[in-house]
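The structure under discussion appears below in the form of structure tokens.
Naming convention: chains lettered A, B, ... in sequence-line order (proteins, then strands); numbering from 1 in each chain. Please read these numbers as outputs of a predicted model, since none were measured by experiment.
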2 protein chains.
Amino acid sequence: MTTPGEQMQADVLAILRRRNVALSAYKVLEALRDAHPKIAPPAVYRALSSLTSKGQAHRVESLKAYVACQSKVHASASILSICESCGYVEEHLAGEVVEAVSHVVAETGFSSQHHVIEVHGICAACNARMPAPEGVGAGGSPQ
Amino acid sequence: MTTPGEQMQADVLAILRRRNVALSAYKVLEALRDAHPKIAPPAVYRALSSLTSKGQAHRVESLKAYVACQSKVHASASILSICESCGYVEEHLAGEVVEAVSHVVAETGFSSQHHVIEVHGICAACNARMPAPEGVGAGGSPQ
DNA sequence: CAGGAGTATGTTACATTATAACATTACACA
DNA sequence: TGTGTAATGTTATAATGTAACATACTCCTG
């Protein structure tokens with residue numbers, strides 16, 4: 001047996017990886033009850049904190065929720081795109097964007113340490129599902 | 001008398017504008033008790049929601065807190081820099097950065113609607129106050 | 001192996017942030 | 001004036017997160 005903490009982190013990560021959707025800490029807690037019937041919030045938050053500090057998971061600030069890291073390399077920072085329709089979260093490498101952001105704030109003497117870059121919108125799959133991208137949409141196709 | 005709601009929003013905005021520091025909704029509530037002794041959380045959240053939807057204030061997602069908008073024009077989006085040392089929050093125009101972010105996520109077919117770009121670090125004033133940017137810093141000035 | 005320092009984990013309780021749901025008031029207009 | 005609508009007030013509670021302490025475990029040291 002490795003340390004129990006590592007087991008907990010592995011279980012949390014497995015839950016987050018089931019779907020590319022952000023889960024609140026309490027949703028994770030519910031999912032953990034199968035394997036850990038008596039788990040309490042601090043254990044979940046400790047595991048999430050360890051995972052995020054190791055870059056194996058990310059907190060989606062604008063959703064107050066968490067996702068598994070999807071990037072193999074986990075470069076300095078990433079962009080998270082969040083579909084407002086289906087909740088799908090995707091991670092994008094942010095190298096140049098992070099540099100651009102750092103450059104903008106450096107104009108006032110600010111030195112960057114940690115970036116939060118999140119985009120809300122509609123994912124490709126939901127865009128494809130939409131009846132039409134124009135008009136009010138109540139009348140079906142505009143044809 | 002204008003509508004009471006506008007008065008509330010004006011009061012909230014005045015509180016946020018006192019300092020360029022993010023205030024939690026409950027800090028705002030405390031500050032409002034002078035003018036509105038019996039105020040309750042929903043009134044504060046409604047005022048903050050109206051202000052943010054009009055672009056007169058911003059929610060700092062990574063701090064769960066709110067700041068007054070500092071930009072006269074309030075372009076489509078902005079970058080917020082947050083000093084970890086003093087809490088100072090500064091707003092930066094983000095035009096090109098927003099385009100770059102949208103471009104990155106568009107590579108997977110994602111259409112952007114709303115951007116959250118926040119940078120944590122150290123502001124110019126705190127950088128200037130720091131004894132030295134090297135070593136552990138316990139020994140005072142390196143001179 | 002006993003003792004004990006130090007760390008990790010479990011547990012309780014609570015703090016903080018946010019909103020649902022309904023009551024009340026204000027206002028426009030027939 | 002009555003009445004429908006929207007805005008605001010109020011109560012209660014949901015959702016998120018953490019402090020503080022208890023317990024257990026690990027690994028030394030003698």
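- Per the geometry, NE2 belonging to His36(B) stands 16 Å off C1' belonging to dT10(D), to the nearest Å.
- We find that CG of Leu23(A) is positioned 14 Å from C1' of dT16(D), with the value rounded to whole Å.
- Remark: Asp11(A) pairs with Gln7(A), Leu32(A), Ala35(A), His36(A) by the side-chain contact (heavy atoms from CB on, under 4.5 Å) rule, at least two apart or across chains.
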For nucleotides 16-18 of chain C, list the nitrogen or oxygen atoms of the protein found under 3.5 Å from its nitrogen or oxygen atoms, one pair per line.
| from | atom 1 | to | atom 2 | distance (Å) |
| --- | --- | --- | --- | --- |
| dT17(C) | OP2 | Ser24(B) | OG | 3.4 |
| dA18(C) | OP1 | Arg59(B) | NH1 | 2.1 |
| dA18(C) | OP1 | Arg59(B) | NH2 | 3.3 |
| dA18(C) | OP2 | Tyr45(B) | OH | 3.2 |
| dA18(C) | OP2 | Tyr66(B) | OH | 3.3 |
| dA18(C) | N7 | Tyr26(B) | OH | 2.7 |
| dA18(C) | N6 | Tyr26(B) | OH | 3.2 |

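- If you chain together hydrophobic residues whose side chains sit under 4.5 Å apart, Met8(B) and Leu51(B) fall into the same group.
- Taking Ala40(A) as the reference, Pro42(A) meet the side-chain contact (heavy atoms from CB on, under 4.5 Å) condition, with sequence neighbours excluded.
- The CE-C1' distance, from Met8(A) to dT9(C), rounds to 9 Å in whole Å.
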If you look only at distance, which donor and acceptor atoms sit under 3.5 Å apart when one is on a side chain in residues 92-107 of chain A and the other is two or more places apart or in another chain?
| from | atom 1 | to | atom 2 | distance (Å) |
| --- | --- | --- | --- | --- |
| His92(A) | NE2 | Ser81(A) | OG | 2.9 |
| Ser102(A) | OG | Val98(A) | O | 3.1 |
| Ser102(A) | OG | Ser112(A) | OG | 3.4 |
| Ser102(A) | OG | His115(A) | NE2 | 2.9 |

Nucleotide N/O to protein N/O under 3.5 Å, stretch nucleotides 19-25 of chain D:
| from | atom 1 | to | atom 2 | distance (Å) |
| --- | --- | --- | --- | --- |
| dA20(D) | N6 | Arg46(A) | NH2 | 3.4 |

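- Across the protein-nucleic acid pair, Lys38(B) atom NZ and dT11(D) atom P stand 7 Å apart, rounded to whole Å.
- Residues passing the side-chain contact (heavy atoms from CB on, under 4.5 Å) test with Tyr26(B), sequence neighbours excluded: Ser24(B), Pro41(B), Tyr45(B).
- Taking the side-chain hydrogen bond (donor to acceptor under 3.5 Å, both in side chains) definition, one finds that Gln70(A) meets it with nothing, sequence neighbours left out.
- Looking at residues two or more places apart in sequence or on another chain, you find a side-chain hydrogen bond (donor to acceptor under 3.5 Å, both in side chains) between Ser111(A) and Asn127(B).
- Between the CG atom of Leu48(B) and the P atom of dT8(D) there is a distance of 14 Å, rounded to whole Å.
- Residues forming a salt bridge (charged side-chain N to carboxylate O under 4.0 Å, His left out) with Glu61(A) (at least two apart in sequence, or on another chain): Arg59(A).
- We find that CD of Glu61(A) is positioned 14 Å from P of dT16(D), with the value rounded to whole Å.
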